[in-house]
Amino acid sequence: MRLLPGLLCGLLLAPPPPAAAQTASQDSILALARRWLGPATLERLQSLRAVAAVKGPRGPIQTVIRSRLAGLTRFEQFDDRGPLFIAGVGRRGPWTWSVREARADTLSAAGASVITGHEFHLLVAYPERRWTPRGSARLEVAAGDTLWRLEFTDRLGAPVAVRYAQDGRPVDLLLVNHSGAGSPEVRVRVFDWPADEPRLFRYAVILHGSETWLYHYLMLEPDSASTAVFEPSPPVDGPKRREREEGCP
């Protein structure tokens with residue numbers, strides 16, 4: 001997979017040394033992060049539609065994820081042949097849609113955690129809306145950078161974390177893969193921030209064992225669809241609506 005020059009430089013971090021003694025409240029660090037992201041970003045995150053061109057070990061795909069701060073999510077993935085995976089979290093809980101059988105089914109807790117784990121833009125700004133906070137924030141040093149580490153537990157009780165630069169800029173997410181396939185450890189590095197608001201990153205790199213996935217966000221926009229889109233249904237962001245890789249507006 002060809003990546004932009006230097007994108008992966010330093011992404012594979014060695015295990016961090018022991019945390020520094022300095023701590024702070026999670027609320028204060030999240031407030032710092034939200035100030036850095038800016039109010040225009042937060043307005044979009046109330047209801048966001050994110051479209052990404054994805055390059056990975058099994059070829060190019062497109063991912064569309066719709067997030068509502070209140071807890072609703074819809075996740076769709078396509079390749080050139082059509083839908084690969086359609087699932088969401090609606091008002092009655094997690095679901096998945098079988099394209100072949102044209103019907104809905106209940107999604108497992110592990111599957112729901114995978115969907116939540118792709119809501120990167122929401123997770124770096126409002127992690128407490130998807131996860132349960134664990135204690136205070138603490139400083140740690142990773143690859144020469146001093147970062148704030150905020151720890152949480154995911155919906156299956158596993159430890160996850162978000163790390164921020166000292167000015168509040170989100171740096172990465174440390175997730176757990178509950179699917180049973182591959183390494184349980186997942187790191188998501190977020191970068192390529194616009195100079196002006198809204199500050200929504202354009203790239204994410206997922207490091208999962210020996211696999212690397214590059215997400216290039218082509219569209220980041222407020223999601224004006226009704227809440228009905230978060231209920232089980234056939235694809236709503238299918239190939240006919242696929243955006244070309246021209247970058248975010």
Side-chain angles (χ1 to χ4, degrees), residues 9-48 50 65 67-71 73 113 116-178 184-208 215 217 220:
C9 180
L11 291 186
L12 292 169
L13 298 184
Q22 186 174 348
T23 62
S25 72
Q26 287 209 359
D27 288 347
S28 66
I29 302 304
L30 287 175
L32 180 68
R34 290 165 189 164
R35 285 196 299 271
W36 191 90
L37 291 167
T41 301
L42 304 186
E43 181 65 26
R44 288 197 175 198
L45 286 173
Q46 299 290 325
S47 179
L48 181 69
I65 189 157
S67 297
R68 293 284 168 91
L69 202 58
T73 310
S113 74
T116 297
H118 283 79
E119 294 183 275
F120 306 139
H121 290 90
L122 186 148
L123 288 173
V124 299
Y126 286 98
E128 79 280 13
R129 294 298 186 99
R130 295 295 190 262
W131 299 328
T132 302
R134 297 174 57 218
S136 59
R138 59 182 173 87
L139 283 173
E140 68 178 15
V141 178
D145 295 324
T146 303
L147 306 176
W148 285 109
R149 180 187 181 109
L150 277 64
E151 297 186 336
F152 303 84
T153 54
D154 65 17
R155 64 171 65 227
L156 290 175
V160 291
V162 188
R163 297 194 292 192
Y164 301 87
Q166 292 187 75
D167 62 358
R169 173 180 56 85
V171 173
D172 61 7
L173 302 103
L174 307 176
L175 312 178
V176 174
N177 167 35
H178 294 286
E185 297 180 356
V186 181
R187 180 174 180 239
V188 182
R189 179 75 181 267
V190 298
F191 52 98
D192 192 18
W193 301 88
D196 302 316
E197 295 182 11
R199 280 181 168 168
L200 296 169
F201 58 84
R202 269 53 168 179
Y203 283 91
V205 168
I206 302 176
L207 301 169
H208 179 213
Y215 276 59
Y217 288 92
L220 294 164

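Below, all heavy atoms of this structure are taken into account, side chains as well, without hydrogens, waters or symmetry copies. Residue numbers start at 1 and run along the sequence shown.
- A 4.5 Å side-chain heavy-atom check between Tyr217 and His121 finds at least one atom pair inside the cut-off.
- The number of heavy-atom neighbours closer than 6.0 Å to CG of Asp196, taken from other residues, nucleotides and ligands shown, is 12 or below.
- Nearest approach of Ile65 to Glu119, heavy atoms of both residues: CD1-CG, 3.5 Å.
- Note that CZ of Arg163 is 12.0 Å distant from CG of Leu139, once rounded to the nearest 0.5 Å.
- The closest side-chain heavy-atom distance from Arg187 to Leu173 is not below 4.5 Å.
- A distance of 7.0 Å separates CZ of Arg130 from CG of Leu69, quoted to the nearest 0.5 Å.
- At most 12 heavy atoms of other shown residues, nucleotides or ligands fall within 6.0 angstrom of atom CD in Glu185.
- With sequence neighbours left out, Tyr126 forms a ring pair (Phe, Tyr, Trp, His ring centres under 6.0 Å) with no residue at all.
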Could you walk me through whether Thr132 and Phe152 pass the side chain to side chain contact (heavy atoms under 4.5 Å, CB included) check? CA-CA 5 Å; Thr132 302; Phe152 303 84; 5.9 Å; no
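- Side chain of Ser28 to main chain of Ala24: no donor-acceptor pair is present (N/O by atom type, distance under 3.5 Å, no hydrogens or angles).
- Ring-plane geometry between Tyr215 and Phe120 is classed as perpendicular, the angle between the planes exceeding 60 degrees on a 0 to 90 degree scale with a lower cut at 30.
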Please report the C-alpha distance between Arg138 and Glu140 in whole Å, then the side-chain angles of each, then the deciding distance to 0.1 Å, and finally whether the salt bridge (charged side-chain N to carboxylate O under 4.0 Å, His left out) criterion is met. CA-CA 7 Å; Arg138 59 182 173 87; Glu140 68 178 15; 3.5 Å; yes
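- A heavy-atom distance below 4.5 Å is not found between the side chains of Pro133 and Thr153.
- Taking the side-chain contact (heavy atoms from CB on, under 4.5 Å) definition, one finds that Ala40 meets it with Glu197, Pro198, sequence neighbours left out.
- To the nearest 0.5 angstrom, Ser113 atom OG is 7.5 Å from Arg155 atom CZ.
- Considering only heavy atoms from C-beta on, Leu123 stays 4.5 Å or farther from Pro170 through its side chain.
- Annotation: side chain of Leu147 is not in contact with side chain of Gln166 (no heavy-atom distance under 4.5 Å).
- Here CG of Leu42 is found 11.5 Å from CG of Leu48. Values are rounded to the nearest 0.5 Å.
- Contact between Leu200 and Leu220 at its shortest, heavy atoms only, is CB-CD1, 3.7 Å.
- For the pair Arg199 (side chain) and Trp36 (backbone), a donor-acceptor distance under 3.5 Å is present.
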Evaluate the side chain to side chain contact (heavy atoms under 4.5 Å, CB included) criterion for residues His178 and Asp154: first the C-alpha distance (whole Å), next the side-chain angles of each, then the deciding distance (0.1 Å), finally the verdict. CA-CA 10 Å; His178 294 286; Asp154 65 17; 2.7 Å; yes
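- With sequence neighbours excluded, the residues forming a salt bridge (Lys or Arg N to Asp or Glu O under 4.0 Å) with Arg68 are Asp223, listed by chain and number.
- Counting heavy atoms of neighbouring residues, nucleotides and ligands inside a 6.0 Å radius, atom CD of Glu43 does not exceed 12 of them.
- Contact annotation: the side chain of Asn177 never approaches that of Leu175 to less than 4.5 Å [non-hydrogen atoms, C-beta and beyond].
- A donor-acceptor distance shorter than 3.5 angstrom exists from the side chain of Arg34 to the backbone of Ala125, with no hydrogens or angles considered.
- Relative ring orientation between Phe201 and Trp193 is described as perpendicular, the plane-to-plane angle rising above 60° on a 0-90° scale split at 30° and 60°.
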Side chain to side chain contact (heavy atoms under 4.5 Å, CB included) for Val186 and Ile206? Distances and angles first, verdict last. CA-CA 7 Å; Val186 181; Ile206 302 176; 3.7 Å; yes
Run the side chain to side chain donor-acceptor pair (under 3.5 Å) check on Gln26 and Ser136 step by step: do they pass? CA-CA 5 Å; Gln26 287 209 359; Ser136 59; over 6 Å; no
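- Remark: Ala137 pairs with Ile29, Trp148, Leu150 by the side-chain contact (heavy atoms from CB on, under 4.5 Å) rule, at least two apart or across chains.
- By the side-chain contact (heavy atoms from CB on, under 4.5 Å) test, Asp27 is found to be paired with Ser25, residues two or more places apart in sequence or in another chain being considered.
- Residues passing the side-chain contact (heavy atoms from CB on, under 4.5 Å) test with Ala161, sequence neighbours excluded: Arg149, Glu151, Leu174.
- Between Asp172 and Arg189 no salt bridge is recorded (no basic side-chain N to carboxylate O distance below 4.0 Å).
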Determine, stepwise, if the pair Trp131 / Val160 fulfils side chain to side chain contact (heavy atoms under 4.5 Å, CB included). CA-CA 9 Å; Trp131 299 328; Val160 291; 3.6 Å; yes
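- Rounded to the nearest 0.5 Å, atoms CD (Gln46) and CG (Leu122) are 9.0 Å apart.
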